[in-house]
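Keep in mind that the numbers below use all heavy atoms, side chains included, and drop hydrogens, waters and symmetry copies. Residue numbers begin at 1 in each chain, while the letters A, B, ... track the order of the sequences.
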Amino acid sequence: MSGATPPRPGSAGTPLIEARGVGRSYGSIVALHDVSARVLAGEVLCVLGDNGAGKSTLISILSGAQPHGSGEFLVDGQPTRLSSPREARDHGIATVYQDLAVVPLMSVWRNFFLGSELTVGHGPLRRLDVARMRSVASAELARMGIQLRDLEQPIGTLSGGERQSVAIARAVYFGARVVILDEPTAALGVKQAGIVLRDIARARDRGLGVVFVTHNPHHAYPVGDTFLLLGRGEMLGTYARGEITVEELTRLMAGGSELDDLTRELGRHPS
Amino acid sequence: VTTETGPSDNLTIAVVTHGTPGDSFWDVVKSGAEQAGEDLNVSITYQGDGDPVKQSSLIDSAVADKVDGIVVSMANPDGLKDSVEAAVAAGIPVVTINSGLERSAEFGALTHVGQSEFIAGQRTGEKLNDAGATRVACVIHEAGNSGLEERCSGVADTFNGTISNVQVDIANIADAQNLITSQLLSDPSIDAVLTLNSGLATAATQAVADAGSDARVATFDVSSDVTDLILDKKVLFAVDQQPYSQGYLPVTFLTLLNRNGDQVGGGQPVYSGPGFVTLDNAAEVAEFAQNGTR
Amino acid sequence: MTRAAPAVSETAAPLGPVAAVVPAATHPFVAVLRRPEIGALAAALMIFVLFSSITTAFLTPAGIGTWLYSSSLFGIMAVAVALLMIGGEFDLSAGAMTGTTGLLVGVLTTQWQVNIWLAMALSLAVALGLGAINGLLVVTTGLPSFIVTLGTFFILQGINLAVTKLITGSVAIQGMSAVDGFDTGKILFGSRVSLLGVEVKTSVFWWLAVTLIATWVLLRTRPGNWIFAAGGAPSSARQMGVPVARTKISLFMTTAGAAWLVGMLQLFDVSTVQATSGIGQEFVYIICAVVGGCLLTGGYGSAVGAALGALIYGMTLQGIVFAQWDNNWLKAFLGAMLLGAVLVNLYVRKRLGSRS
Amino acid sequence: MTRAAPAVSETAAPLGPVAAVVPAATHPFVAVLRRPEIGALAAALMIFVLFSSITTAFLTPAGIGTWLYSSSLFGIMAVAVALLMIGGEFDLSAGAMTGTTGLLVGVLTTQWQVNIWLAMALSLAVALGLGAINGLLVVTTGLPSFIVTLGTFFILQGINLAVTKLITGSVAIQGMSAVDGFDTGKILFGSRVSLLGVEVKTSVFWWLAVTLIATWVLLRTRPGNWIFAAGGAPSSARQMGVPVARTKISLFMTTAGAAWLVGMLQLFDVSTVQATSGIGQEFVYIICAVVGGCLLTGGYGSAVGAALGALIYGMTLQGIVFAQWDNNWLKAFLGAMLLGAVLVNLYVRKRLGSRS
Ligand SMILES: Nc1ncnc2c1ncn2[C@@H]1O[C@H](COP(=O)(O)OP(=O)(O)OP(=O)(O)O)[C@@H](O)[C@H]1O
Ligand SMILES: Nc1ncnc2c1ncn2[C@@H]1O[C@H](COP(=O)(O)OP(=O)(O)OP(=O)(O)O)[C@@H](O)[C@H]1O
Ligand SMILES: O[C@@H]1[C@@H](O)[C@H](O)OC[C@H]1O
Ligand SMILES: [Mg+2]
Ligand SMILES: [Mg+2]
């Protein structure tokens, strides 16, 4: 069972997924503490914050890769404890992990459908629908602007950006209701980053909820509806798009005091 | 002495045993077979594997090679039955050696050369009685070899005292020695150690010294170290099944059969042992042991 | 079947032009040359040509039958072990387990007069249970399977010896061929079929079947995909929803099942089992898999490669005998051949890999 | 001195989610609890207490001498093998090499009347050469050391047997104790020293020395740092300028040197060597290292841990005999104990690791 349910336009109030005061510790390290976030259908939630702020940790909770330590996690308003990413996928939640979650030695198309393979036939004769998986993977990648010479190529031999594009194409394809992207644009060229941003907007327009983690306010601002700021595992604030400008967002992310340095630096090297 | 047919008939005899390469006992058997081959102008191939499935394969290979005779040791007769019978059916004469005396004729072998392990054990038990032993540790060095178990049960049959088995690994003599030491320490009433391999006899004497025990050591099989130890009175006696003859005789028999139609043995086994090497005859045996033929 | 996922992409009206990319961009011949087993195939051919030319018996019908048989017993296990290795784990108890299964049937039938088919079924159940225990131990403790299965290897080795002695009073099963139904079992597991003059033992057909099924599973089924993923990048696999733990446990059970099959093939072939049977073989299986191109680190390899690795091993073992080389040197020859085979394999794969 | 790095390797515990904590910030006591060998120490204590309480001979002076001796021979090799494993490689030829070195001295002295000390020096040179060959093969071909040293293992096994037989006419060295200078050699390698009533064999002191030196090298020298790096992440290490190839070759030579030492210790103790000596021991060394906390995947472990692993193995082996448990079950007990020891080790390290 993969992200099977057809997109369901968000019933106004109920968030597709919601975290209420969740926390998570690794041994004595508190990676996340009392953080709340909600993802509404047809909205993009941007998660921003410094390195080590806890973004990936929040993502791993939302995507079912890790259980939350404290707090509450709701899917469609129902308190849920996702025990595996598989379960998350069954709820129509798909994720691009920061480490991409690809298997380097496996071919591109096998990675694309990993865990949600298409099959034909029944019983002992049930087998992979290789032709279909290849053509879907190929089409989806082409759509991202990636032209691979060979889908049989082990994904580990792709360039960093190509690999990331495969992971994004995969999540966009399987995310029936919620797509979570952890720094998807980090390694991408200008063209590919543009395609990803457009994909995010398009998914939003189709009524999907999107969680978008990024360090880049200039990527976040154009697509985001809500901005969640994290710092040292704590929530620094949630802002609706109308409440904040891209400059303010940048300032908050950089930590107010360092703003002057930053502007000066930006001023010296305009790009 | 060359017979008229000797040099020109290109006989090949395959020896297939259950001994792992490097086992000093089987090395002497191999030497005996090779010497017979040289003496009689017959080419000899020698192979060994302790797993009956693999030993069967080796016999099958010899049959595929269309050799003129096969010598087989049968530590596990059931496991070799099909292959031995197939060889006989293919018209290749077979002589069995060492173990498997009881089934030899049934499988269609010409004769058997060896000792009965059980009888050898019984004689050993009597000798230990004579030496006044009351509690003996029987050291088994190959876990799957039923012949070794038979020796210990043979001893148990005639021995008046009590017997316990110790399991060691022939591939690690230093550790085997340690295990024997531990056994002696944990049961100080042990007054005799019986090893079933010449290499372990040396280790056992050392173990007795390490444990500060006054147990006597006896062993199966001979080597020049063992004869020295017997002369030194550190080993009581060695049971000698004369492995050299277990290699030499069957090759001779099979050659005679091929060249002269002789059916040696008359349907009965040929006993190569047990002989005993004691203080009385150790000096004579020592000379041969030095050459790797005893 | 509620697998509507593709529908999503249909609704997703592509912004850019969808390029019509032909999925099979690679020429089929090139694809074959890239398979992991191509190097092993080259090495196997070399060994075959070598012994065919320097010995007379190797290519005779009887000779072929011998090395095919030898290879088949290694091969069945090597294929199962290869699946497990692709899945990222080892099973050092696999050799001892071939002994356990045979001993169990032997004890049940000769000592307790249990019906032979029932005994075989029980033995299979026990094997699968042992495999599941291995798998569960590995998955739940997170200890390396190398050390866990080494533990079970020692335990099985002890049990095989002690229990057999306890019940039969000896260290080998005797009188098996007199057991009711042994002959019918022998047809399935211990007989020969004449094929183009070569007397082929049934185990060879089992070997072929196991290799084919394993290849099918690996390359054409979901579990196959999961095996590669579980071994190649377990945490990524888990993140993508692959049931890694279940996959690994199943693989340990598969190895145990193969051990049962080999146990039966040996039992019905020589109608006896020794308490020490199979010990020391566990590494031969791993060697065959590695010679056949499996990575020790998991995630890469093939069933056909492992089968070829076993063929190389079996041909070498019997070929040395046919060549009548002094058996004191046996191991040295074997080692040199294996190193040679692995180097040929590496060379061929590097050449082809970089060319394609 | 720019040697700030070792601190990192001391605290690098891969178990569980241990955060990167500033080393200096850790209390020394906590640092001790975090050492890789702490779990092995706990397991060793348990085995010690077990056999001390259920057998009478275990704690007697003679008993202690026995298990210390047994542990020492495994221990010397286990420590060397642990270094190699931390460096990311295996050496399956290590066991056979203990035989090779002893056989060589035996042949040279008993057959060719070479002076015993010269023979020992030659034997050491040959061992180091063999180690270098292992290392070079691994480093230049890029093949896994598991398979390369398996090849050399087979080759050595064959050579040990065939050459010994060829030269001495027998498969074991005889008459060693009559060799000139044997007695002086025995003082160094095969004598005993009375220590608090316990007759301690010299090998035990060699074991201690090897463990201390290895620990010093690992934790307090640049090569030690390189070993961790070469095994933990070879390509990162290479990028940072660590001489990975040279480090690995040196490690193979170290293992070979240790094999020589053990070869001498055995030769002078039992005054004979069999051509099959050492075969099958290579895995015991790996077991000891793993029981002592080394990772099979490289980059993590300790010399003290490996020494403790050998102690656990030696105590268990002898303890089972002292306990007079049915020796048919020996292997089963051994397996259960080892699994138990590894589990205790894991448990202790997890508890301490996550608490700190
Ligand atoms: N497995 C782990 N064990 C210990 N600490 C961890 C673990 N994973 C994360 N942490 C710690 O938790 C904190 C938050 O990590 P997280 O990966 O969520 O940050 P992030 O916001 O995604 O940073 P980045 O922008 O660099 O990706 C960090 O300080 C990190 O060191
Ligand atoms: N080891 C390899 N085997 C096969 N193809 C490879 C390998 N390494 C790189 N490639 C291919 O070479 C091309 C260039 O790769 P490279 O990593 O240099 O790109 P890049 O410019 O750094 O891209 P990015 O911006 O995504 O990092 C890619 O198409 C990639 O698939
Ligand atoms: O069966 C053989 C036995 O007779 C001999 O004494 O020791 C080695 C065994 O293989
Ligand atoms: Mg992150
Ligand atoms: Mg790049």
Legend entry - Donor-acceptor contact below 3.5 Å, side chain C:Thr316 vs main chain C:Ile312: yes
Inset, instruction - Name the region of C:Thr60, side chain, backbone, both or neither, that has any atom closer than 4.5 Å to a heavy atom of chain B. - result: side chain
Inset, instruction - Measure B:Lys30 against the heavy atoms of chain C and call it side chain, backbone, both or neither at under 4.5 Å. - result: side chain
Legend entry - B:Leu40 vs B:Leu11 side-chain heavy atoms within contact, under 4.5 Å: no
Inset, instruction - Would you mind checking which part of C:Gln174 comes under 4.5 Å of any heavy atom in chain B, side chain (CB onward), backbone (N, CA, C, O), both or neither? - result: both
Legend entry - Donor-acceptor under 3.5 Å (C:Ser70 side chain, C:Trp67 main chain): no
Inset, instruction - Check whether any side-chain heavy atom of C:Val284 lies under 4.5 Å from a side-chain heavy atom of C:Tyr313, and answer yes or no. - result: yes
Legend entry - Interface moiety of C:Trp325 toward chain B, non-hydrogen atoms closer than 4.5 Å: backbone
Legend entry - Which atoms of C:Phe322 approach chain B - backbone, side chain, both or neither, heavy atom under 4.5 Å: both
Legend entry - Interface moiety of C:Ile279 toward chain B, non-hydrogen atoms closer than 4.5 Å: neither
Legend entry - Contact class of C:Glu199 relative to chain B, heavy atoms under 4.5 angstrom: neither
Legend entry - Residues B:Asp82 and C:Arg192 bridged, charged N to O under 4.0 Å: no
Inset, instruction - With C:Phe189 as reference, evaluate C:Phe268, C:Phe205, C:Phe182 under the ring-ring contact (aromatic ring centres under 6.0 Å, His included) test and give the passing residue. - result: C:Phe268
Inset, instruction - Could you walk me through whether B:Asn98 and B:Gln241 pass side-chain hydrogen bond (donor to acceptor under 3.5 Å, both in side chains), step by step? - result: CA-CA 9 Å; B:Asn98 186 261; B:Gln241 54 174 313; 3.3 Å; yes
Legend entry - Any B:Ile140 side-chain heavy atom under 4.5 Å of B:Cys152 side chain: yes
Inset, instruction - Select, from C:Met176, C:Gln266, C:Lys331, C:Gln157, the one with the greatest count of heavy-atom pairs under 4.5 Å involving chain B. - result: C:Gln266
Legend entry - Sub-4.5 Å side-chain heavy-atom contact between B:Tyr248 and B:Asp39: yes
Inset, instruction - Go through the atoms of B:Ser56 and report whether side chain, backbone, both or neither lie under 4.5 Å from a heavy atom of chain C. - result: side chain
Inset, instruction - Sort B:Ser61 into side chain, backbone, both or neither according to what part of it lies under 4.5 angstrom from a heavy atom of chain C. - result: both
Legend entry - Segment of C:Asn160 engaging chain B (4.5 angstrom heavy-atom cut-off): neither
Inset, instruction - Could you tell me which portion of C:Lys165 (side chain, backbone, both or neither) has an atom closer than 4.5 angstrom to a non-hydrogen atom of chain B? - result: side chain
Legend entry - Side chain, backbone, both or neither of B:Gln47 within contact of chain C (heavy atoms, under 4.5 Å): both
